[in-house]
S.K.: 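Before we start, here is the structure in question, set down as structure tokens.
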Amino acid sequence: MNYKIEGMLRSAVKLGLAAWMCTAIGQVPSARPWSDSKLSPDLRADQLLAQLTQDEKFHLIRSYFAGPRKPEDKPVPPGYIGSAGYIPALERVGIPAIQESDAGLGVASSERMRPGDYATPLPAGPVTAATWDPKVAFRGGAMIGGEAHAKGFNVLLAGGTNLMREPRNGRNFEYAGEDPLLAGTMVGEAIRGIESQHVVSTIKHFALNDQETARTTVDVRIGEQAMRESDLLAFELAIERGKPGSVMCSYNKLNGDWACENDYLLNQVLKRDWKYPGFVMSDWGGVHSAAKAVNAGLDQESAAEIFDKDIYFDKPLRDALAKGEVKQARIDDMVRRILRSFFAAGVFEHPAKKAPIDEKANLAVARETLEAGAVLLRNDNQLLPLDVAKLESVAVIGAHADKGVLAGGGSSLVTAKGGNAVPGLKPSDWPGPVMYHPYSPLKALQSMAPKAKVQFTGGDDVAAAAALAAKSQVAVVFVQKWAGEDFDARDLSLPDGQDALVTAVAKANPRTIVVLENGSPVAMPWLEQVGAVLEVWYPGGDAGNGIANLLSGKVNPSGRLPLSWPRDVSQLPRPELPGAGGSGALPQSVDYAIEGANVGYRWYQSKDLQPLFPFGYGLSYTSFEHGALKVDTKDGKVTATVTVRNTGKRAGADVAQVYVQVPGAKARRLAGFSKVFLKPGEQRELSISLERKLLADFDTAKHGWVVRGGEYVVSEGRSSADLGRPAAVQLPAGVLP
Ligand code: BGC
């Protein structure tokens, strides 16, 4: 429809004159005009909103908890599937039930939610981020979105974008590392993938919920410029790319106000500056008021009857409305935003319902994500890849590698087909159970090398493990560190005496390969003693085969770290994390102004610190050469051009990473990147356009992105610490549109 006519229609709808307007422009008024998918989501939302009663509006602005509850709790209204959240259908006007499921690594399910149900687990978020390949992120998003849809869900609470300021944060495995451009791009693509399946995606946790310790009470202190250029920039970029239908505000306070009633965050930044048209839902238990939250921009209260002190968006909000503390126009705005997101995602035309799932294809998506995102951290004397044809004996040690691979804990936990491969580990209750997905690395390694004697021993008996390693050609030691929602690690160490295990095995056999299953960086005191280290994080579906493919060289590792790997906590902006892992009194506030926008590698660079492994780092089984960098500017747009050549004997992928030093700054910023797959001897010229917001600063007085002007130093390379000869460009001062 012509946009002018549509504009007139929207005004007519608001004035209650839609039927008259339709006749005037020669259209037959329909009973449900919003059913016409050719109309814009905005107009459809206006039309439907105009039909709703006040009770129906109140019905849409709060969800019920659809998970397990205590006998004394009020029952959920009928029709829920069993998940995180639910709003019954409004059949009178054809609004489907809203069925919300966690989360970003697949359709979460626990025995208590939907007994017997299972889904395909993607690898942890840092794996997807480490692929540096937006296509992989999109495919993963589309896979989990498709599964959600085929299970009857039309909302996935997926899109974890919190930056890794704190390597001890228990939820880093749900996120995408420390850099705003990389996280924004990769999460944005995952969201786009989810929404492509007619499922509303929920970017979260907005914002600065970067630690779990005291997550529901802690006050995060940070300046405006610093947050706009770091965590908020990651959200801004991800929202621009992915267009998620909803945003979940977080538990914490930000500069004194709860995130879910924070006018700066929700009204000023999200809705005014970013013109976000979707709706804001609270995190479960994140609401503390009615009028204040609504007037600050919160649109929907989640699972209040279980998690909030009151059901604020029912009686308290109706009272506030009656007293004039909240305007009816705002209630309408809340409902319009919710409806708009469901129209925009195509939820009305493509209702989520039970449908068959191609499990094999989906497992391949999970495995290929791992294969593209596992990071080879060390490979002394080219111990890897293993020459499987010549392998006679392999010792596989530790971390239940005979049975499966570890998953992270909390609301995002997916139960894979086959259930928990190692049941009974503690904690079995929230945020447990500790889950191993049933994709055995041992079995995969055995079928990779059918002629070899592949033997397993658990890590508890160090002497037995060392003895097995001593009589084997190579030893593959799996080490694990479980992390989860609602708690942070006390430190970076591996638990359960695994350092002693690795040391003993490496002493018995220098051809020792360590495979890491973890949510965030861990200390590796034995690093120099082992031959190789492969980081797979929580590696997800079909990971046994993925790991075997990587170790055997069937797949060449091409993951690059989406985070800096500290040597130890003394290098961090906050060496102490008070209260972490139950270690003492909970903090009232946390000071993120220490590093400000210099999160991760920018912190290390600004303090002249050398991390154990820098952001962007990762080895390959082949070698690459990057040619001279050229930088062009045109109409304020900056493009870097570089030729990457595979100089080795194996096919593989490399990432060209472009960093910029803006005038006066010591630290560089990632401003563009491109991943390229090359056969041996092949070369490709890559043209990489740089993100303008990374060339600019956020100016709090001018309230916008300002390019300071002057000389910008652009460098390209294979990691944030491995850069070629820089090129300087002059940019004129200016304000970004
Ligand atoms: C988590 C969210 C999750 C929600 C619903 C909260 O505790 O912080 O990430 O989506 O629960 O399960």
Side-chain angles (χ1 to χ4, degrees), residues 62-69 76 80-87 98-114 119 124-125 144-145 148 153-162 169-176 187 190-191 194 199-218 220 235 238 244-254 258-260 279-288 298 300-308 407-415 429-433 483-488 519:
R62 74 176 180 94
S63 63
Y64 295 85
F65 183 51
R69 48 192 57 224
V76 196
Y80 73 101
I81 302 174
S83 64
Y86 169 64
I87 300 181
I98 296 178
Q99 305 272 9
E100 302 173 341
S101 170
D102 282 303
L105 309 179
V107 183
S109 45
S110 73
E111 271 303 298
R112 287 174 303 152
M113 293 261 191
R114 296 188 305 286
I144 64 172
F153 293 107
N154 45 26
V155 178
L156 256 188
L157 307 173
T161 311
N162 299 79
N169 178 0
R171 293 188 91 172
N172 283 334
F173 76 94
E174 295 186 56
Y175 302 145
V187 179
I191 290 170
I194 292 167
V199 171
V200 168
S201 190
T202 310
I203 194 167
K204 67 188 188 185
H205 306 85
F206 193 60
L208 289 129
N209 176 191
D210 297 348
Q211 67 176 51
E212 289 297 280
T213 304
R215 67 174 176 164
T216 57
T217 51
V218 76
V220 175
F235 276 92
S246 56
V247 171
M248 187 189 291
C249 50
S250 53
Y251 285 129
N252 53 292
K253 288 181 182 166
L254 175 62
W258 301 106
C260 288
F279 68 102
V280 179
M281 69 163 79
S282 68
D283 202 342
W284 276 228
V287 186
H288 303 269
L298 178 63
Q300 193 179 65
E301 183 179 20
S302 307
E305 81 289 5
I306 301 292
F307 295 97
D308 289 332
S411 58
S412 68
L413 180 66
V414 175
T415 304
D429 288 329
W430 176 261
E485 184 176 338
D486 220 357
F487 72 102
D488 295 323

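Just so you know, ligand 1 is whichever comes first in the structure, and atom 1 is the first atom listed for that ligand. Keep in mind that the numbers below use all heavy atoms, side chains included, and drop hydrogens, waters and symmetry copies. Just so you know, residue 1 is the first one in the sequence shown, and it goes up from there.
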S.K.: Taking all atoms of both residues into account, what is the closest heavy-atom pair of G286 and D308, and its distance?
M.R.: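 In terms of heavy atoms, the two residues are closest at N-OD1, 3.4 Å.
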S.K.: Kindly give the heavy-atom pair with the smallest separation between A158 and I191, and that separation in Å.
M.R.: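 Of all heavy-atom pairs spanning A158 and I191, the closest is O-CG1, 4.4 Å.
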S.K.: What class does the angle between the rings of F65 and F307 fall in, given that below 30° is parallel, 30 to 60° is tilted and above 60° is perpendicular?
M.R.: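 The arrangement is perpendicular - the two ring planes meet at more than 60°.
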S.K.: Is there a heavy atom in H205 that sits closer than 4.0 Å to ligand 1?
M.R.: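 Within the 4.0 Å threshold, so yes.
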S.K.: What atoms of ligand 1 come within less than 4.0 Å of a heavy atom belonging to K204?
M.R.: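 Near K204, the atoms of ligand 1 are 2 (C), 3 (C), 9 (O), 10 (O).
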S.K.: Within a distance under 4.0 Å of any heavy atom of A84, pick out the atoms of ligand 1 and give their elements.
M.R.: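 Result: 5 (C), 12 (O).
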S.K.: Could you establish whether E100 and ligand 1 come within less than 4.0 Å of each other, counting only heavy atoms on the residue side?
M.R.: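 Flag not set, E100 not near ligand 1.
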S.K.: For R171, which part has a heavy atom under 4.0 Å from ligand 1: side chain, backbone, both, or neither?
M.R.: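 The part of R171 near ligand 1 is the side chain, not the backbone.
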S.K.: Among all protein heavy atoms in this structure, tell me which lies nearest to atom 12 (O) of ligand 1, with the distance rounded to 0.1 Å.
M.R.: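 Residue, atom and distance for the closest contact: D102 OD2, 2.5 Å.
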S.K.: Please report the shortest heavy-atom distance between R114 and A108, naming the atom on each side.
M.R.: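 Smallest heavy-atom distance, with atoms named: NH2-O, 3.1 Å.
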S.K.: Please list the nearest protein heavy atom to atom 4 (C) of ligand 1 with its residue and the distance rounded to 0.1 Å.
M.R.: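 For this ligand atom, the closest protein heavy atom is D283 OD1, 3.5 Å.
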S.K.: Do F235 and F206 have ring centroids that are under 6.0 Å from one another?
M.R.: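 Yes, they do, as the ring centres are separated by less than 6.0 Å.
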S.K.: Please determine, by modelled atom types, if R171 and H205 share a side-chain donor-acceptor pair under 3.5 angstrom.
M.R.: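 Side-chain D/A pair, R171 to H205: present.
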